[in-house]
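Structure record follows, encoded as structure tokens.
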Amino acid sequence: MAAATAPSPPAPQLLRLLELDPYLAPFEQDFQRRYSLFYKRLKNIEENEGGLDKFSKSYKTFGVNQFVDGGVYCKEWAPGAEAVFLTGDFNGWNPFSHPYKKMEYGKWELFIPPGQDGYPPVPHGSKLKVVIRAQNGELLYRISPWARYVVRDEDKVNYDWVHWNPPQSYIRRHPSPKRLKSLRIYESHVGIASPEGKIASYKNFTYNVLPRIKDLGYNCVQLMAIMEHAYYASFGYQVTSFFAASSRYGTPDDLKEMIDVAHSMGITVLLDVVHSHASKNSEDGLNKFDGTDSCFFHSGPKGTHQLWDSRLFDYANWEVLRFLLSNLRMWLEDYGFDGFRFDGVTSMLYHNHGIGTGFSGDYNEYFGLHVDEDALCYLMLANCMTNLLHPECITIAEDVSGMPALCRPVVEGGGGFNYRLAMAVPDKWIQIIKELKDEDWNMGNIVYTLTNRRYQEKYIAYAESHDQALVGDKTLAFRLMDAEMYTNMSVLSPLTPVIDRGIQLHKMIRLITHALGGDSYLNFMGNEFGHPEWLDFPRKGNNESYHYARRQFNLADDHLLRYRFLNAFDRDMNKLEERFGWLASPPAFVSEKHESNKVIAFERAGLVFIFNFHPYQSYVDYRVGVETPGKYKILLDSDAPEYGGHQRLDHSTEYFSEEYPHNYRHKSLMENLRVLYRKTTKILIC
């Protein structure tokens, strides 16, 4: 008689989650079921693979790996293949001379002994292909899913797999920074990180862009489009080789050096990881690797994303879990990344991938059969693994749905992420600027959007990201100033009302988002100084032009252009946060959101933030409530001349609190909020 399977234990700390949010109590069984699935998979990995540590090191045995003695061990998972061979420069492209041996569970292996004097049989830099004999007898030439380096010759359409095993790899010199209490993230794309109309390099980013990021006060860089993608214009979101750093920008060692130099500056480096889908390329991608439409993916319509035209992983598959978890481990340990921003999490969480769904916040939207609990289980395993093996690792979820507990610990039944993106904030700013006149801005609605976040889940606030910079959309600066950016950004030209309004609002929007909107802050490269126009990669539709696939940092460095004012304000805003740490402080106390006066005032980290959004009204002796008694002075003033302001405030003025309760605060200050047809903001310190 077979023994009964032991039941999975309940989520150890689920009660804490339900205490934080009692409205989740009706869904307790859903959390228990999710945790049970996670626990069973984790236990299976421990019992059958020796644990997450060993399981996630599979990148050291799968693919093509060289032993110390020079021999080469090759291993693939191709369950639909009839036979598997290795071919390439090393054997004169003979497709059958090096057959793999069939193993259990669809795995295949091959060992090639070293040559004379230990010379490796597959030299560094030589080209390779895996040859798959499909079930119909067809021979398929494929790139290994575990390939570390792929390149494309200029005269070719598809990428080639190049064996990367240099005699001396780059050796890291600097330790990774400790996990930061608050992140000031500079979202970056290596290829566009130059004013020149070309694909920029890792070396360029290392020596020209990292010092700029450091100077601007950002302590974290988030790198997009690193995982190899055949189509440059996909912005890196149609990944073809998951273990290969994009060769467009240089070699793997160039990327390792770039990360190491960032660490020497105290900058944390995150990878924008795409595990939500994969390119449908088969010649140089994962699709149909073994000749079937499944392998790594769901078969049939379930395996294709109807909007992205890409393949969808089968997260319940054992070997898919091995592949994806090993992929994370490789980026952390081989390259030295400090964490991940997981792209497309909403698509992973729901069987409908969030398509056509307007999430209202009703908790019933987050529980039930429409949730892909296999995908959620993978994310829990991923966060469990990274936290277990690299406790300083940071993970961020890009989820537009608002899934509860996504950023709570796995032991509570949560997803295990450290942060989630506050994706409603940029949408709100776009809606306000696009649809409302200045006098119709609703202060309460702005404050609500910036503060409406789940208690005890950390959010990354941002006014705009790469999404708003892409062709078809507009950055905040372009929405505010539009065509006048072409003619009136020179200090030698008159300051027009459009440019003046745009510069002032650009600063205020970014500061109030930074200070009120979350627990960390993100900016897309170039937007800090109001980069003009849009971002568009070379493609047939624009005659393969690089004109819009670049970042014109020279604009911010030109003292005759007004971009430098925005750049300076962004730098000083970050430096002030570094000094006082408001992002790591408890949420702000908002003492005022006055609709007719268009004034917002709040306290955070011992600072008083005062924003006057009125388009033309200034105020004298304006009373603002404060909790801490004492003397206050101005620290940051958007109206200062170095930020393109009009210098209407005396920074030598001291403001003293009075024993006069105001707006639910025990003390208050009398302020001069001089606007004179311009918007302004200031920060005071006790």
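Along the sequence shown, residues are numbered consecutively beginning with 1.
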Are side-chain heavy atoms of Arg550 and Glu196 found at a separation under 4.5 Å?
no
My understanding is that only residues two or more places apart in sequence, or in another chain, count here; which of them pass ring-ring contact (aromatic ring centres under 6.0 Å, His included) with Phe27?
Phe367
If you apply the rule ring-ring contact (aromatic ring centres under 6.0 Å, His included), what do you find for Trp582 with Phe609, and how did you get there?
CA-CA 11 Å; Trp582 62 68; Phe609 296 79; 5.3 Å; yes
More than 12 heavy atoms of other residues, nucleotides or ligands under 6.0 Å from NZ of Lys280: is that the case?
no
Say you draw a straight line from CD1 of Ile600 to CH2 of Trp441; how long is it, rounded to the nearest 0.5 Å?
9.5 Å
Who pairs with Phe242 by ring-ring contact (aromatic ring centres under 6.0 Å, His included), at least two apart in sequence or on another chain?
Phe313, Phe323
In Å and rounded to the nearest 0.5 Å, what is the CD to CD1 distance from Glu528 to Ile213?
9.0 Å
Does OH in Tyr486 sit with more than 12 non-hydrogen atoms of other residues, nucleotides or ligands closer than 6.0 Å?
yes
Step-by-step salt bridge (charged side-chain N to carboxylate O under 4.0 Å, His left out) determination, Arg454 to Asp21
CA-CA 9 Å; Arg454 294 191 56 78; Asp21 187 353; 2.8 Å; yes
For Tyr643 together with Phe565, are the ring centres under 6.0 Å from each other?
no
For the residue pair Gly502 and Leu480, what are the closest heavy atoms and their distance?
O-CD1, 3.6 Å
Mind checking what makes salt bridge (Lys or Arg N to Asp or Glu O under 4.0 Å) contact with Asp558, not counting sequence neighbours?
none
Tell me, please, which residues at least two apart from Glu435 pass side chain to side chain donor-acceptor pair (under 3.5 Å).
Gln431
Rounded distance (nearest 0.5 Å) linking atom CG of Asn445 with atom CD1 of Ile432
6.0 Å
Rounded distance [0.5 Å steps], CD in Glu457 versus CZ in Arg408
7.0 Å
Who are the side chain to side chain contact (heavy atoms under 4.5 Å, CB included) partners of Ala477, not counting sequence neighbours?
Thr475, Met481, Met485, His506
Given the rule in the side chain to side chain contact (heavy atoms under 4.5 Å, CB included) test, do Trp429 and Ile446 qualify, once you have shown the distances and angles that lead to the verdict?
CA-CA 8 Å; Trp429 287 123; Ile446 291 172; 3.8 Å; yes
Sorted by chain and residue number, the side chain to side chain contact (heavy atoms under 4.5 Å, CB included) partners of Pro426 (sequence neighbours excluded) come out as Tyr462, Gln468
Taking side chain as C-beta onward, heavy atoms only, is Val345 less than 4.5 Å from Ser276?
no
Among side-chain atoms of Ser246 and Glu228, is any donor-acceptor pair under 3.5 angstrom?
yes
Under 4.5 Å between any side-chain heavy atoms of Leu421 and Asp399, yes or no?
no
Minimum side-chain heavy-atom gap Glu578-Leu576 below 4.5 Å
no
Find out whether Asn219 and Thr268 are in side-chain contact, i.e. whether some heavy atom of one side chain is under 4.5 Å from a heavy atom of the other.
no
For Arg551 and Met525 the tightest heavy-atom approach is NH1-O, 3.0 Å
Would you please classify the geometry between the Tyr232 ring and the Tyr546 ring as parallel, tilted or perpendicular, with 30° and 60° separating the classes?
tilted
Those residues at least two apart in sequence (or on a different chain) that pass ring-ring contact (aromatic ring centres under 6.0 Å, His included) with Tyr315 are Tyr378
Give every residue pair that meets the ring-ring contact (aromatic ring centres under 6.0 Å, His included) criterion with at least one member in residues 209-228, sequence neighbours excluded.
Tyr186-Tyr218
Let me see the working for Val425 and Asp427 under side chain to side chain contact (heavy atoms under 4.5 Å, CB included), right down to the final yes or no.
CA-CA 5 Å; Val425 174; Asp427 292 342; over 6 Å; no
Student check: side-chain heavy atoms of His353 and Thr346 closer than 4.5 Å:
no
Anything under 30° is parallel, anything over 60° is perpendicular, the rest tilted; go ahead and classify His189 against Phe537.
tilted
Can a donor-acceptor pair be found, under 3.5 Å and without considering hydrogens, that links the side chain of Gln504 to the backbone of Gly644?
yes
Are Val491 and Leu561 packed together at the side-chain level, in the sense that at least one heavy-atom pair is separated by less than 4.5 angstrom?
no
Shortest non-hydrogen contact from Val599 to Asn612?
CG2-OD1, 4.1 Å
Within a radius of less than 6.0 Å around OH of Tyr448, do more than 12 heavy atoms belonging to other residues, nucleotides or ligands occur?
no
Got a donor-acceptor contact below 3.5 angstrom from the His646 side chain to the Pro641 backbone?
no
With rounding to the nearest 0.5 angstrom, report the CG to OG1 distance, Asn442 to Thr449.
9.0 Å
Below 4.0 angstrom, N of the basic side chain to O of the carboxylate: do Arg539 and Glu544 qualify?
no
Run the numbers on Arg341 and Leu270 for side chain to side chain contact (heavy atoms under 4.5 Å, CB included), then give the verdict.
CA-CA 7 Å; Arg341 178 256 198 195; Leu270 305 180; 5.5 Å; no
Only counting residues at least two apart or in another chain, list the ones meeting side chain to side chain donor-acceptor pair (under 3.5 Å) with Asp467.
none
Not counting sequence neighbours, which residues clear ring-ring contact (aromatic ring centres under 6.0 Å, His included) with His277? List them please.
Trp308
Apply side chain to side chain donor-acceptor pair (under 3.5 Å) to Tyr350 and list each qualifying residue two or more places apart in sequence or on a separate chain.
Ser401
For the aromatic rings, using the six-membered ring if either is Trp, is the centroid distance between Phe235 and His466 under 6.0 Å?
yes
What one should report as the nearest heavy-atom pair of Ala549 and Pro538 is CB-CD, 3.9 Å
Could you check whether any side-chain heavy atom of Asn542 comes within less than 4.5 Å of a side-chain heavy atom of His547, counting everything from C-beta outward?
no
Heavy-atom closest pair (Leu210 atom, Ala262 atom, distance to 0.1 Å) is CD1-N, 3.8 Å
Are His229 and Tyr231 near enough that their ring centres are under 6.0 Å apart?
no
For Asn543, the side chain to side chain contact (heavy atoms under 4.5 Å, CB included) test, sequence neighbours excluded, returns none
Is Arg501 salt-bridged to Asp438, cutoff N-O under 4.0 Å?
yes
Take atom NZ of Lys458 as the centre, draw a 6.0 Å sphere, and report whether it contains more than 12 heavy atoms from other residues, nucleotides or ligands.
no
For a quick test of reading the model, state the closest non-hydrogen atom pair linking Asn383 to Gly415 and the distance between them.
ND2-O, 2.9 Å
Do Glu464 side-chain atoms and Leu476 backbone N/O form a donor-acceptor pair below 3.5 Å?
yes
Between CG on residue Leu505 and CD1 on residue Ile512, distance to nearest 0.5 Å
11.0 Å
